[in-house]
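Some notes on the structure that comes next.
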Amino acid sequence: MKLSQLMVDVSPLRLSREFRIVFVARLVSIFGLGFAAVALPMQVYQLTGSSLLVATVHTTSAVSVLAGTLVGGMLADRGDRRRLIVIGRASAVLGFGALAVNTLVPDQPWLWVIYAVAAFNGFLGSFSAVALQAAAPGFVPRDKLPAAGALLALNGELGSVLAPALGGVIIAAAGMGGNYLITTVLSLFTTVLVWRLPRLEAPEEARVQSVLAAMREGAGFAFRHRVVGPLLLLGLAQMLFAAPQVLINEFTDKVLGGGPAMVGLLYTAPAVGALIGSLTSGWAGRARRTGSLLLVAVALCGLAVFGFGASTWAPLAFLFLVFLGFGQVVEEILRYALLQSHTPDRLRGRVNSVWTAQATIGDSAGALTLGGLAPLIGAAGALMAGGALTVVSVGALAVAFAGLRTAQVLQEPAVAPSQPDTEGNR
């Protein structure tokens, strides 16, 4: 295979003005949110000196994101998705603007404003995220869905690697208020940008459907479809057993004998692997056995976690985490293409909200799973057990769900459940 065929496929950016808008808006938003993700916990800790209160702000945001994701997914299938995207981005302008003003309060900023904004931005900001996920696949040809997924993964990885560091630099140079002000301006820019998208109205029949019926239809499709349902189970297994970040501190201290510098390097390793995977994803658009490759990618994640847990040498541990990040981004690209191509457009808001909600809950559940195992069998033992369980789960799902094992990216629109469907459901 030629090197040019390995490099990330940027053709969706050339082919679609709408996808270019989504790509740029998402990239800018990720950087703005990354700046805020550094500032919020830092400000709360400066005001209170309490890590517990820092955690409660994070929890407030997470609960709001979960609620906003479920509501936003419903609304994305019942109205104008562009309006939801604009509302989500405009809410960020108001929220971060309020945080900037709050830094000017005499004596010290009000803590309750920070909690209120965390809830406000978490809830309404999720509308934008879900509506963008639902709308983006319609902006590119179906054979370009893997390339679109790779580009969206790439801007996510760039943001996760660069945004926190830049956020800290901004705080050091311009203070907390300067950080929030820059984030407000970036949010305003993305609001204007997404306003240029065309109207994205839902079909008439979706707008007259009752909320209860719409929820039942969306959840039923997500969990019963022969490809989408197993995709959700596969993602859950990965999040439960192949998320080692919660144990990096303990593993570094007790096994590798390292300090904070080593911890920081190990935390960056998955992002390095993910960036490599995104930049060399040109092959994904030509892959045929997408489901089988997806299973291999998740199994690779499990093997990487097992290898990390078995490592006693820091460079080897770093390398295994790089492999983990590589496997995760390949899984993300292939899962995106399968999920979007097998989901009818009128259901994408609800199905994407189910996936996002699962990811939100799964991250916490995964941390509890490995964190709960560590006191029983040690950090290394918990990591190796998590890696082994991931591989076993992949094997079980491959045997149980032939639809996932043989799944390919559909080149024709998926059939909605209300229409005759001889292939979509088990």
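Start at 1 with the first residue, then count along the sequence.
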Pair up each side-chain donor or acceptor in residues 85-92 with any protein partner under 3.5 Å, not counting sequence neighbours, and list the distances.
unit_1, atom_1, unit_2, atom_2, d
Arg89, NE, Ser29, OG, 3.3
Arg89, NE, Thr190, OG1, 3.0
Arg89, NH2, Ser29, OG, 3.4
Ser91, OG, Gly88, O, 2.6

Taking everything shown except Phe139 itself, do over 12 heavy atoms lie less than 6.0 Å from its CZ?
-> yes
Nearest heavy atoms of Val140 and Pro12, plus distance in Å = CG1-CB, 3.9 Å
Sorted by chain and number, sequence neighbours left out, side chain to side chain contact (heavy atoms under 4.5 Å, CB included) with Arg14 holds for Val10, Ser11
Contacts of type side-chain hydrogen bond (donor to acceptor under 3.5 Å, both in side chains), residue Gln238, not counting sequence neighbours | none
Pairs touching residues 259-269 that satisfy side chain to side chain donor-acceptor pair (under 3.5 Å), sequence neighbours left out = Asn249-Tyr267
side-chain hydrogen bond (donor to acceptor under 3.5 Å, both in side chains) partners of Gln43, counting only residues at least two apart | Tyr180
Rounded distance [0.5 Å steps], CZ in Arg288 versus CZ in Arg286 = 9.5 Å
Set of side chain to side chain contact (heavy atoms under 4.5 Å, CB included) partners for Leu397, sequence neighbours left out | Leu233, Leu234, Phe401
Output every pair passing side chain to side chain donor-acceptor pair (under 3.5 Å) with a member in residues 375-394, not counting sequence neighbours, ordered by first then second residue.
-> none
Among pairs that include at least one residue of residues 229-254, which meet ring-ring contact (aromatic ring centres under 6.0 Å, His included), considering only residues two or more places apart or in two chains?
-> Phe251-Phe308
Kindly write out the residues that satisfy side chain to side chain contact (heavy atoms under 4.5 Å, CB included) with Leu324, not counting sequence neighbours, or none if the list is empty.
-> Pro244, Cys301, Ala304, Val305, Leu321, Gln328
Show the atom names and distances, to 0.1 Å, of all donor-acceptor pairs under 3.5 Å that link a side chain in residues 103-127 to residues at least two apart or in another chain.
unit_1, atom_1, unit_2, atom_2, d
Thr103, OG1, Ala100, O, 2.5
Tyr115, OH, Leu53, O, 3.4
Tyr115, OH, Thr56, OG1, 2.6
Ser126, OG, Val65, O, 3.3
Ser126, OG, Gly122, O, 2.6

Look at atom CZ of Arg196 and say whether more than 12 heavy atoms of other residues, nucleotides or ligands are closer to it than 6.0 Å.
-> no
Going by an N to O cut-off under 4.0 Å, is there a salt bridge joining Asp77 and Arg346?
-> no
Pair listing, side chain to side chain donor-acceptor pair (under 3.5 Å) test, anchored in residues 296-325, at least two apart | none
Report the C-alpha separation of Leu294 and Leu404 in whole Å, then their side-chain angles, then the decisive distance to 0.1 Å, and conclude whether the side chain to side chain contact (heavy atoms under 4.5 Å, CB included) test is met.
-> CA-CA 9 Å; Leu294 174 64; Leu404 177 60; 4.2 Å; yes
side-chain hydrogen bond (donor to acceptor under 3.5 Å, both in side chains) filter on Arg199, not counting sequence neighbours, yields Glu201
